Trainee: 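Would you mind keeping the following structure in view while I ask a few things?
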Amino acid sequence: MASPTEQFQIEKILHVDIGGLDLSFTNSSLFMVIAAGIASAVLFFGGSRRALVPGRLQSFAEMLYELVANMIRENAGKEGMRYFPFIFTLFIFILFGNVIGIIPGAFTFTSHIIVTFALAFVVFLGVTVIGFARHGAGYLRMFFPHGAPLWTAVILVPVELISYMSRPISLSVRLFANMTVGHVLLKVIGGFVIALGVAGIIPFAFLIPLTLLELFIAVLQAYIFTILSCVYLHDALHLH
């Protein structure tokens with residue numbers, strides 16, 4: 001039986017080395033391209049006709065648009081809508097990456113901490129730049145709550161600073177851990193189905209609802225990653 005962690009192994013498809021820097025095209029890169037391509041096709045064809053009575057594809061595309069737009073309005077305010085293209089792209093990329101990864105034989109690039117951390121760090125860096133661009137040095141008030149006694153700064157500032165700096169870590173680990181654990185569990189149960197032969201009908205009965213649960217988690221984790229990004233954007237725009 002193959003190891004449950006074998007599905008996360010990075011394999012080079014096209015070796016590229018530039019000045020000692022490994023820029024090889026891997027299976028992870030391939031499925032990033034596939035996820036982006038499928039997402040782009042769905043959104044393009046879903047929004048190209050703009051029928052008065054929308055079909056399934058158009059309804060799906062409009063549902064995704066409204067979902068992200070509402071997330072931004074409710075968590076970052078109307079001013080946050082100027083950043084809609086980035087937030088929407090982030091949500092769609094993670095969503096399709098998570099869902100495609102459930103297909104047998106596919107590769108889940110969001111199960112690698114380097115990918116999720118890169119996405120989380122871009123969000124962290126972006127909201128930090130927005131915060132300082134909007135409030136200048138006043139953005140440092142993020143680390144000392146309004147109305148708190150001055151003497152508490154010795155305690156509150158380090159706590160708030162650590163909490164702020166840990167954002168990309170918590171954001172990336174949450175997505176990475178959920179996708180990794182779910183896929184390992186699916187692989188283990190699937191291995192029992194093959195190994196037990198006829199008796200494998202028992203673990204197979206658990207595999208179907210478990211796959212549906214993993215699909216729900218894949219969608220939920222994309223939603224959570226995006227909504228937390230909106231919350232961080234709100235702090236950058238309005239402080240807290």
Side-chain angles (χ1 to χ4, degrees), residues 5 7-8 10 28 31-32 35 67-68 70-77 79-80 83-84 86-102 107-135 139-146 148 152-186 213-240:
T5 59
Q7 60 184 310
F8 306 120
I10 297 290
S28 181
F31 277 93
M32 287 184 192
L67 176 64
V68 177
N70 288 333
M71 270 196 284
I72 296 174
R73 293 191 194 102
E74 293 173 5
N75 295 281
E79 292 180 69
Y83 305 101
F84 174 85
F86 172 75
I87 299 295
F88 184 73
T89 302
L90 184 70
F91 173 73
I92 293 298
F93 183 67
I94 295 174
L95 175 65
F96 278 78
N98 288 354
V99 173
I100 291 173
I102 299 176
F107 185 88
T108 313
F109 55 82
T110 49
S111 64
H112 279 257
I113 187 66
I114 186 63
V115 175
T116 59
F117 182 78
L119 294 172
F121 187 74
V122 168
V123 172
F124 171 77
L125 184 62
V127 297
T128 301
V129 170
I130 291 170
F132 278 106
R134 183 177 177 85
H135 305 285
Y139 188 59
L140 295 174
R141 295 199 305 271
M142 277 281 296
F143 309 112
F144 188 67
H146 178 71
T152 62
V154 178
I155 300 174
L156 292 179
V157 171
V159 170
E160 289 291 335
L161 184 60
I162 292 172
S163 175
Y164 187 84
M165 297 301 293
S166 67
R167 283 179 173 183
I169 299 175
S170 61
L171 196 60
S172 59
V173 169
R174 182 183 292 105
L175 176 58
F176 148 75
N178 277 279
M179 299 312 300
T180 301
V181 170
H183 281 64
V184 167
L185 188 56
L186 284 175
L213 177 61
E214 183 64 12
L215 177 61
F216 171 74
I217 292 174
V219 176
L220 180 63
Q221 288 306 311
Y223 178 83
I224 292 174
F225 193 101
T226 308
I227 203 167
L228 287 176
S229 299
C230 292
V231 171
Y232 299 156
L233 178 60
H234 173 273
D235 290 344
L237 294 174
H238 309 288
L239 298 181
H240 63 63

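Note that the numbering runs from 1 along the sequence shown for the chain. Bear in mind that the values here come from a model prediction, so they are computed numbers and not experimental data.
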Trainee: Between Met165 and Ile162, is there a side-chain heavy-atom distance shorter than 4.5 Å?
Mentor: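 No. Closest side-chain heavy atoms not under 4.5 Å.
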
Trainee: Is the Phe121 ring parallel, tilted or perpendicular to the Phe117 ring (thresholds 30°, 60°)?
Mentor: parallel

Trainee: Any heavy-atom pair between the side chains of Phe143 and Val159 that's under 4.5 Å?
Mentor: no

Trainee: Between Val99 and Leu215, does a side chain to side chain contact (heavy atoms under 4.5 Å, CB included) hold up when you go through it step by step?
Mentor: CA-CA 6 Å; Val99 173; Leu215 177 61; 4.0 Å; yes

Trainee: Side chains of Ser111 and His183 only: does a donor on one sit below 3.5 Å from an acceptor on the other?
Mentor: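 His183 and Ser111 do not have a side-chain donor-acceptor pair below 3.5 Å.
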
Trainee: Do Phe132 and Tyr139 pass the ring pair (Phe, Tyr, Trp, His ring centres under 6.0 Å) test, and can you show the C-alpha distance, the side-chain angles, and the key distance before you say yes or no?
Mentor: CA-CA 6 Å; Phe132 278 106; Tyr139 188 59; 5.0 Å; yes

Trainee: Is there a side-chain contact between Ile100 and Phe31 (heavy atoms, below 4.5 Å)?
Mentor: yes

Trainee: Can you name the residues that form a side chain to side chain contact (heavy atoms under 4.5 Å, CB included) with Ile227, not counting sequence neighbours?
Mentor: Met71, Asn75, Tyr223

Trainee: Which heavy-atom pair separates Phe107 from Ser28 by the least distance, and what is that distance?
Mentor: CE2-CB, 3.5 Å

Trainee: Measure the spacing between CG of Asn178 and CZ of Phe176 and express it to the nearest 0.5 Å.
Mentor: 10.5 Å

Trainee: Would you say Val219 and Leu95 make side-chain contact, with heavy atoms under 4.5 Å?
Mentor: yes

Trainee: Using modelled atom types and a 3.5 Å cut-off, is there a donor and acceptor pairing between side-chain atoms of His135 and backbone atoms of Leu237?
Mentor: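 Pair found, side chain donor or acceptor close to backbone of Leu237.
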
Trainee: Check this for me: Ile114, atom CD1, are more than 12 non-hydrogen atoms of other residues, nucleotides or ligands nearer than 6.0 Å?
Mentor: no

Trainee: As an exercise, state the distance from OG1 of Thr110 to CE of Met179, rounded to the nearest 0.5 Å.
Mentor: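 If we round to the nearest 0.5 Å, Thr110:OG1 and Met179:CE are 4.5 Å apart.
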
Trainee: Indicate the atoms forming the closest heavy-atom contact of Gly97 with Thr108, along with that distance.
Mentor: O-CG2, 4.2 Å

Trainee: Any chance you could measure Ile224, atom CD1, to Leu220, atom CG, to the nearest 0.5 Å?
Mentor: 4.0 Å

Trainee: Write down the atom of Ser170, the atom of Tyr232, and the distance for their closest heavy-atom approach.
Mentor: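 That closest heavy-atom pairing would be OG-OH, 4.3 Å.
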
Trainee: Heavy atoms only: give me the nearest Arg73-Asn70 pair and the separation to one decimal.
Mentor: NH1-OD1, 3.0 Å

Trainee: If you define the side chain from C-beta out and look only at heavy atoms, does anything of Val115 sit under 4.5 Å from Met32?
Mentor: yes

Trainee: Report the C-alpha distance between Tyr83 and Phe88 in whole Å, list the side-chain angles of each, state the deciding distance to 0.1 Å, and finish with yes or no for ring pair (Phe, Tyr, Trp, His ring centres under 6.0 Å).
Mentor: CA-CA 9 Å; Tyr83 305 101; Phe88 184 73; over 10 Å; no

Trainee: Taking all non-hydrogen atoms of both residues, which atom of Leu171 and which atom of Ser229 are closest, and how far apart?
Mentor: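 That would be CD2-OG, 4.2 Å.
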
Trainee: Could you grab the distance from atom CD1 of Ile92 to atom CG of Leu67, nearest 0.5 Å is fine?
Mentor: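 CG of Leu67 is found 8.5 Å from CD1 of Ile92.
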
Trainee: Taking atom CD1 of Ile72 and atom NE2 of His234, what is their separation to the nearest 0.5 Å?
Mentor: 13.5 Å

Trainee: Before giving the answer on side chain to side chain contact (heavy atoms under 4.5 Å, CB included), spell out for Arg167 and Asp235 the whole-Å C-alpha distance, their side-chain angles and the decisive distance to 0.1 Å.
Mentor: CA-CA 12 Å; Arg167 283 179 173 183; Asp235 290 344; 2.8 Å; yes

Trainee: Just do the side chain to side chain contact (heavy atoms under 4.5 Å, CB included) check on Ile87 and Cys230 with the steps written out, would you?
Mentor: CA-CA 8 Å; Ile87 299 295; Cys230 292; 4.0 Å; yes

Trainee: Report yes if the distance between the aromatic ring centroids of Phe109 and Phe93 is under 6.0 Å, otherwise no.
Mentor: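 Yes, they do, as the ring centres are separated by less than 6.0 Å.
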
Trainee: Of the non-hydrogen atoms in Thr226 and Ala222, which two are nearest, and what is the gap between them?
Mentor: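 Where Thr226 meets Ala222 most closely, the heavy atoms are OG1-O, 2.7 Å.
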
Trainee: Test your reading of the model: is there a side-chain donor-acceptor pair from Thr116 to the backbone of Ser172, 3.5 Å cut-off?
Mentor: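 Looks like yes, one N/O pair under 3.5 Å.
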
Trainee: So that I can tick it off, tell me whether Arg141 and Glu160 are bridged by a salt bridge, with the cut-off set at under 4.0 angstrom between side-chain N and carboxylate O.
Mentor: no

Trainee: Parallel, tilted or perpendicular: which describes the rings of Tyr164 and Phe124, with under 30° parallel and over 60° perpendicular?
Mentor: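 Because their plane-to-plane angle lies in the 30° to 60° range, the rings of Tyr164 and Phe124 count as tilted.
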
Trainee: Please answer whether the main-chain N or O of Leu233 pairs with a side-chain N or O of His238 as donor and acceptor at a distance below 3.5 Å.
Mentor: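 Not confirmed, His238 side chain does not pair with Leu233 backbone.
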
Trainee: Nearest 0.5 Å, what's the NE2-CG distance between His112 and Leu175?
Mentor: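 With rounding to 0.5 Å, NE2 (His112) is 12.5 Å from CG (Leu175).
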
